[in-house]
Amino acid sequence: MNEYRRCYTQSEVPPYRCYMLTVHHLNVSQSERVIWLLEELELPYELKVYQRDLSTQFAPEELRSIHPIGSAPVLCDGEVVLAESGAILEYVLARYGDGRLIVPVTAPQYPGYLYWFHYANASLMNQMSLHWIATMAAGADSDSPLLPMLQERRDRHLQWVETRLSQVPYFAGDEFTAADIMMHFPFGTMKAFYNVGLDNRPNIQAWLARISQRAAYQRAIKVAGHEQDPALEWSETREVF
């Protein structure tokens, strides 16, 4: 364990209090982004780990005592209690990043950095989730005209990502940034729920392979509870619960 990290399991932590910085982490969730960012920045943090309900796969009720929505991630920083992975990353970068893993506003790469940072959840995961949930609700053999429409929209987004990574090694350009942290989850841990398949997406595959070589990423996936990298089996949905 690195000297700047102290990890707790759900049962080990005494009645709730905020530490400087405390990450409330649900296994197999977007809270992995927060862990990864803190590992990249080598910032001190406390980690409280929650397990999904085995029957529903939902977060435990205990998380509602931390934040009313009851989902992860949640970051505590003194009196600040903040949810939403994108908001947490922006907060940490602004307060503690010292200019690392961002693109300066005056740089020509800034609009691209800003776009891909927010595109991850606002558009890409939205389209993937719509297709996933609609397929589950209708059934894979359904003849609903909605399913091919949603699949076409999803595939259009995947091609957009593939095209971007054919032009640059990372989403903001030549350098790894927090935009890559945001964009990684749909192609990594989300495969526990839904796998888009990347057999015909060589540039996304190459980007994932580059990410997997980062020491902070390797530390983060272990802290988050993975025994192996969840992103590197392109065509498989790996059961990680």
Side-chain angles (χ1 to χ4, degrees), residues 1 5 7-13 21-40 45-67 69-76 82-89 92 120-122 124-137 154 158 178 180-198 204 207-208 211-212 214 216-241:
M1 181 179 299
R5 184 200 316 120
C7 301
Y8 293 103
T9 64
Q10 187 170 341
S11 61
E12 290 173 336
V13 179
L21 299 160
T22 301
V23 180
H24 294 268
H25 165 56
L26 178 67
N27 69 310
V28 195
S29 79
Q30 296 179 60
S31 52
E32 295 177 9
R33 288 171 169 154
V34 181
I35 296 171
W36 182 7
L37 176 67
L38 295 176
E39 292 288 341
E40 290 281 355
Y45 66 96
E46 308 278 356
L47 185 71
K48 186 174 181 184
V49 180
Y50 302 79
Q51 301 299 321
R52 292 179 180 274
D53 183 279
L54 292 177
S55 59
T56 67
Q57 301 301 338
F58 291 160
E61 291 290 323
E62 184 182 358
L63 265 172
R64 292 189 183 181
S65 68
I66 312 303
H67 189 278
I69 296 299
S71 60
V74 178
L75 179 79
C76 291
L82 187 63
E84 292 295 333
S85 62
I88 292 170
L89 263 62
V92 170
N121 272 6
L124 180 60
M125 285 193 60
N126 182 35
Q127 289 300 321
M128 291 169 66
S129 297
L130 280 173
H131 182 259
W132 167 43
I133 293 170
T135 301
M136 286 196 304
R154 181 208 64 184
L158 291 175
D180 297 285
I181 296 178
M182 288 297 297
M183 285 293 296
H184 190 272
F185 184 84
F187 303 106
T189 300
M190 191 174 174
K191 290 198 303 180
F193 307 96
Y194 175 83
N195 183 10
V196 296
L198 296 176
I204 298 177
W207 170 73
L208 289 169
I211 294 294
S212 294
R214 299 187 66 83
Y217 173 76
Q218 293 171 7
R219 294 195 303 269
I221 60 175
K222 291 180 180 178
V223 172
H226 296 285
E227 295 182 358
Q228 54 187 326
D229 191 333
L232 292 187
E233 296 295 335
W234 318 124
S235 59
E236 296 180 6
T237 298
R238 178 182 296 146
E239 180 61 56
V240 293
F241 290 117

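From a predicted model like this one, the values you see are computed outputs, not experimental measurements.
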Side-chain heavy atoms of [X] within contact of [Y], under 4.5 Å:
X      : Y     : result
Cys76  : Glu46 : no
Val223 : His25 : no
Ile66  : Tyr50 : yes
His184 : Glu32 : no
Leu82  : His67 : no
Gln30  : Ser71 : no

[atom2] on [Y] to [atom1] on [X], rounded to 0.5 Å:
X      : Y      : atom1 : atom2 : value
Ile88  : Leu37  : CD1   : CG    : 10.0 Å
Lys48  : Glu62  : NZ    : CD    : 4.0 Å
Ile221 : Thr189 : CD1   : OG1   : 8.5 Å
Phe185 : Ser85  : CZ    : OG    : 8.5 Å
Lys222 : Asp229 : NZ    : CG    : 11.0 Å
Ile211 : Met183 : CD1   : CE    : 11.0 Å

For a side-chain hydrogen bond (donor to acceptor under 3.5 Å, both in side chains) check, start with the C-alpha distance between Asn121 and Glu84, then their side-chain angles and the critical distance, and finish with the verdict. CA-CA 10 Å; Asn121 272 6; Glu84 292 295 333; 4.9 Å; no
Where do [X] and [Y] come nearest, in terms of heavy atoms and distance?
X      : Y      : answer
Arg52  : Ser29  : NH2-CB, 3.6 Å
Met190 : Ser129 : CE-OG, 3.7 Å
Pro186 : Met182 : CD-O, 4.0 Å

Counting neighbours of CD1 on Ile69 that are heavy atoms of other residues, nucleotides or ligands and sit closer than 6.0 Å, is the number greater than 12?
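Open: at most 12 neighbouring heavy atoms sit under 6.0 Å from CD1 of Ile69.
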Could you tell me whether the side chain of [X] and the main chain of [Y] form a donor-acceptor pair under 3.5 Å?
X      : Y     : value
Asn27  : Val49 : no
Arg219 : Glu39 : yes
His24  : Ala72 : no
Arg33  : Leu89 : no
Ser31  : Leu26 : yes

Handout entry: Name of the residue among Tyr217, Trp36, Trp207 meeting side-chain hydrogen bond (donor to acceptor under 3.5 Å, both in side chains) with Asp180
Key =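 Of the listed options, the one satisfying the test is Trp207.
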